[in-house]
S.K.: 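I have a structure here, written as structure tokens, and I will follow up with some questions on it.
Just so it is clear, the values below take in all heavy atoms, side chains as well, and ignore hydrogens, waters and symmetry mates. Here is the naming used below: chain letters follow the sequence lines, and residue numbers restart at 1 for every chain.
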There are 2 protein chains.
Amino acid sequence: MRRIVELGNAQLVECGAGGLSVREIARGLGMVSSAVYRYVRSRDELLTLLIVDAYGDLADAVDGALAEASDAPRERFTALAESMAQWAIAHPERWTLLYGTPVSGYDAPAESTNADGTRVMARMLAIAAAADADAAADAGASAGRGQGVHVTPDVRALLDAHLEEFGVESDAMAAMRAVTAWSSLVGIISAHVFRQLGADAAAIGEQILGSQTELLADLVIGR
Amino acid sequence: MRRIVELGNAQLVECGAGGLSVREIARGLGMVSSAVYRYVRSRDELLTLLIVDAYGDLADAVDGALAEASDAPRERFTALAESMAQWAIAHPERWTLLYGTPVSGYDAPAESTNADGTRVMARMLAIAAAADADAAADAGASAGRGQGVHVTPDVRALLDAHLEEFGVESDAMAAMRAVTAWSSLVGIISAHVFRQLGADAAAIGEQILGSQTELLADLVIGR
DNA sequence: AGACGTCAAGAGCAGTGCTCTCGGAATATG
DNA sequence: CATATTCCGAGAGCACTGCTCTTGACGTCT
């Protein structure tokens with residue numbers, strides 16, 4: 001069973017998500033294809049297995065980086081962003097699995113996925129909340145930074161629900177900044193991993209990522 | 001030939017990129033699969049055809065929206081972002097084709113793709129440049145907004161090269177904000193199309209997108 | 001009229017996911 | 001200890017995929 005996800009990951013790095021073949025895994029295991037179906041219901045389930053494995057691995061990497069960071073929100077954000085980017089660069093196919101196209105025609109199995117998939121998001125919420133608290137303490141008058149952004153009641157309710165779910169105390173505005181920063185971060189890293197900015201940009205990708213991360217930090221933390 | 005990409009697009013919407021089958025297209029055309037190979041070298045080439053078609057369509061949509069917008073940078077940014085999002089929502093599979101995982105194991109055919117693929121990016125650069133010019137005019141002292149962000153010489157050179165390529169006059173800092181906003185925008189839209197924020201967020205996705213777009217506007221335009 | 005190029009058909013190869021049945025081995029049960 | 005039951009892998013097979021090769025029918029141009 002664990003050998004299956006091992007072989008699956010190995011096959012992922014050399015063929016990509018689309019090239020994942022249960023027959024090939026069976027060959028690696030030295031058995032016939034049908035035998036694999038004892039352990040894994042379908043190719044999609046195998047994919048799901050690899051996805052939760054990757055989510056967990058990524059979240060572990062981020063948590064590791066955050067454990068070594070100070071309490072300063074900006075430093076924590078940078079640690080989160082950089083560890084996420086480094087993980088993506090180290091495992092491009094697994095990143096692809098998580099934040100690329102949902103492969104072929106299989107519906108995201110939210111229930112098995114969300115548990116590990118939201119760990120990083122929760123961290124981001126906490127960081128934005130801390131930054132917000134700091135800003136309010138520094139200058140009581142400047143509270144409400146970014147208030148020009150309109151948030152509908154529905155969205156506010158959803159954000160509050162998630163804040164409670166993750167045990168973070170903050171207001172919806174900070175949460176909005178957090179999820180925007182998170183989506184943006186995913187977009188920026190994907191642009192790098194998928195080489196969407198062109199070949200010459202890929203050569204100095206890390207430097208570009210660095211500047212972009214700073215800009216996003218301004219968005220969540222303020223300046 | 002044009003019928004092939006028509007059928008390809010039609011098949012895309014109901015089966016996704018992975019389910020694209022030249023045999024199925026042949027069936028739709030009323031001929032046998034091998035006949036299709038007269039017109040299209042391989043499945044990957046067909047995919048490429050669909051990709052450039054989608055890039056062009058998206059850029060047309062954005063240009064159309066920009067044509068009806070005023071000269072105010074913030075309004076132009078919003079028009080760009082919203083038209084892009086609307087296109088993505090209207091054609092999720094084609095969006096997936098462009099900004100999701102590069103399908104299976106085929107290398108992005110940059111030469112055929114970039115021409116149309118960078119049109120939106122060029123628009124974004126122009127908007128950021130205009131915003132920068134406006135800000136400098138409003139208050140000469142506040143020029144250099146966002147100067148705290150560090151940009152390495154290599155990155156600066158690349159940005160300057162692209163600015164010249166697209167005929168936009170501005171400094172590298174504004175360009176950096178533009179590409180960051182662009183990547184972020186792609187990330188935010190993808191998060192919506194791929195439902196990465198959860199099922200309950202998907203229900204009010206447009207409202208969330210609205211707030212996120214405003215936040216990104218702050219990033220490019222300032223406040 | 002004859003040659004040439006275009007087009008589609010059909011068979012076929014290698015590969016896929018997946019389902020079924022059938023034996024052998026381990027394990028629990030009397 | 002013997003028996004029943006469950007587990008696990010093998011193998012055959014179905015329907016499908018992309019793709020190649022050969023064959024034959026048209027139309028067009030010299």
Side-chain angles (χ1 to χ4, degrees), chain A residues 1-54 93-94 96-97 100-109 112-113, chain B residues 1-54 93-94 96-97 100-109 112-113:
Chain A
M1 192 66 198
R2 230 180 40 212
R3 287 228 50 203
I4 289 185
V5 330
E6 277 174 24
L7 280 172
N9 271 323
Q11 200 175 333
L12 217 56
V13 318
E14 63 181 33
C15 301
L20 214 167
S21 153
V22 358
R23 278 183 139 102
E24 184 59 38
I25 287 187
R27 274 190 282 275
L29 256 64
M31 34 187 211
V32 90
S33 79
S34 61
V36 179
Y37 285 88
R38 293 278 160 191
Y39 304 92
V40 102
R41 199 181 310 270
S42 68
R43 201 191 97 116
D44 282 0
E45 185 177 305
L46 171 59
L47 226 28
T48 304
L49 245 48
L50 295 175
I51 287 179
V52 323
D53 180 62
E93 347 65 30
R94 300 172 82 191
T96 292
L97 208 55
T101 305
V103 194
S104 74
Y106 106 121
D107 43 348
S112 1
T113 276
Chain B
M1 192 68 196
R2 228 179 44 213
R3 288 227 52 202
I4 289 185
V5 330
E6 277 174 24
L7 281 172
N9 272 323
Q11 200 175 333
L12 217 56
V13 318
E14 61 183 33
C15 301
L20 215 166
S21 151
V22 352
R23 277 181 140 102
E24 184 60 37
I25 287 186
R27 274 189 283 272
L29 256 63
M31 36 188 208
V32 91
S33 77
S34 59
V36 179
Y37 285 89
R38 293 276 156 192
Y39 305 93
V40 96
R41 200 181 310 272
S42 69
R43 201 191 97 116
D44 282 1
E45 185 176 306
L46 171 60
L47 225 31
T48 305
L49 244 48
L50 295 175
I51 288 179
V52 323
D53 180 63
E93 347 65 29
R94 300 173 81 192
T96 292
L97 209 54
T101 304
V103 194
S104 74
Y106 106 120
D107 42 349
S112 2
T113 275

S.K.: Between dC7(C), dG17(C), dA10(D), which nucleotide gets closest to the side-chain atoms of Val32(A)?
M.R.: dA10(D)

S.K.: Hey, is the side chain of Arg23(A) pairing donor to acceptor with the base of dG17(C) inside 3.5 Å?
M.R.: yes

S.K.: To the nearest angstrom, how far is Arg43(A) atom CZ from dT17(D) atom P?
M.R.: 15 Å

S.K.: Considering only side-chain heavy atoms of Ser34(B), which listed nucleotide, dT17(D), dT20(D), dC8(D), is closest?
M.R.: dT20(D)

S.K.: Let me know the distance between CZ of Arg41(A) and P of dC8(D), rounded to the nearest Å.
M.R.: 14 Å

S.K.: Students often get this wrong, so: under 4.0 angstrom with heavy atoms, is Ile25(A) touching a base, only sugar-phosphate, or nothing?
M.R.: nothing

S.K.: Rounded to the Å, how far apart are Leu47(B) CG and dT17(D) P?
M.R.: 16 Å

S.K.: For the residue pair Asp53(B) and Arg94(B), establish whether any side-chain heavy-atom pair is separated by less than 4.5 Å.
M.R.: yes

S.K.: What is the distance, rounded to the nearest whole Å, between atom OH of Tyr37(B) and atom C1' of dC7(C)?
M.R.: 17 Å

S.K.: Which nucleotide sits closest to the side chain of Val22(A): dC19(D), dA10(D), dG17(C)?
M.R.: dG17(C)

S.K.: Please report the shortest heavy-atom distance between Glu45(B) and Tyr39(B), naming the atom on each side.
M.R.: OE2-O, 4.3 Å

S.K.: If you pin Glu24(A) and Gly30(B) to their nearest nucleotides in DNA chain C, which one's is more 5'?
M.R.: Gly30(B)

S.K.: In this structure, how many angstroms lie between the P atom of dG17(C) and the CG atom of Asp44(A), rounded?
M.R.: 11 Å

S.K.: Let me know the distance between CG of Leu20(A) and C1' of dC18(C), rounded to the nearest Å.
M.R.: 15 Å

S.K.: Figure out the CD1/C1' separation between Ile4(A) and dC8(D), and round it to whole Å.
M.R.: 12 Å

S.K.: Nearest to the Arg27(B) side chain among dG17(C), dT17(D), dA9(C), which nucleotide is it?
M.R.: dT17(D)

S.K.: Reckon Leu29(B) touches a base, only the sugar-phosphate, or nothing at all at heavy-atom distances under 4.0 Å?
M.R.: nothing

S.K.: Could you check which of dC7(C), dA9(C), dA10(D) has an atom nearest any side-chain atom of Met31(B)?
M.R.: dA9(C)

S.K.: Identify the heavy atoms of Ser33(B) and Ala26(B) that sit nearest to each other, and give their distance.
M.R.: CA-CB, 3.5 Å

S.K.: Please pick, from dT22(D), dC19(D), dC22(C), the nucleotide with the shortest atom-to-atom distance to any side-chain atom of Arg38(A).
M.R.: dC22(C)

S.K.: Using a cut-off of less than 4.0 Å, is there contact between a side-chain N or O of Ser21(B) and OP1 or OP2 of dC16(D)?
M.R.: no

S.K.: Do you know which of Leu46(B), Val52(B), Leu50(B) makes side chain to side chain contact (heavy atoms under 4.5 Å, CB included) with Val5(B)?
M.R.: Leu50(B)

S.K.: Going by heavy atoms in the side chains, are Leu29(A) and Ile25(A) under 4.5 Å from each other?
M.R.: yes

S.K.: Please state how far atom CE in Met1(A) lies from atom P in dG9(D), giving the value in whole angstrom units.
M.R.: 12 Å

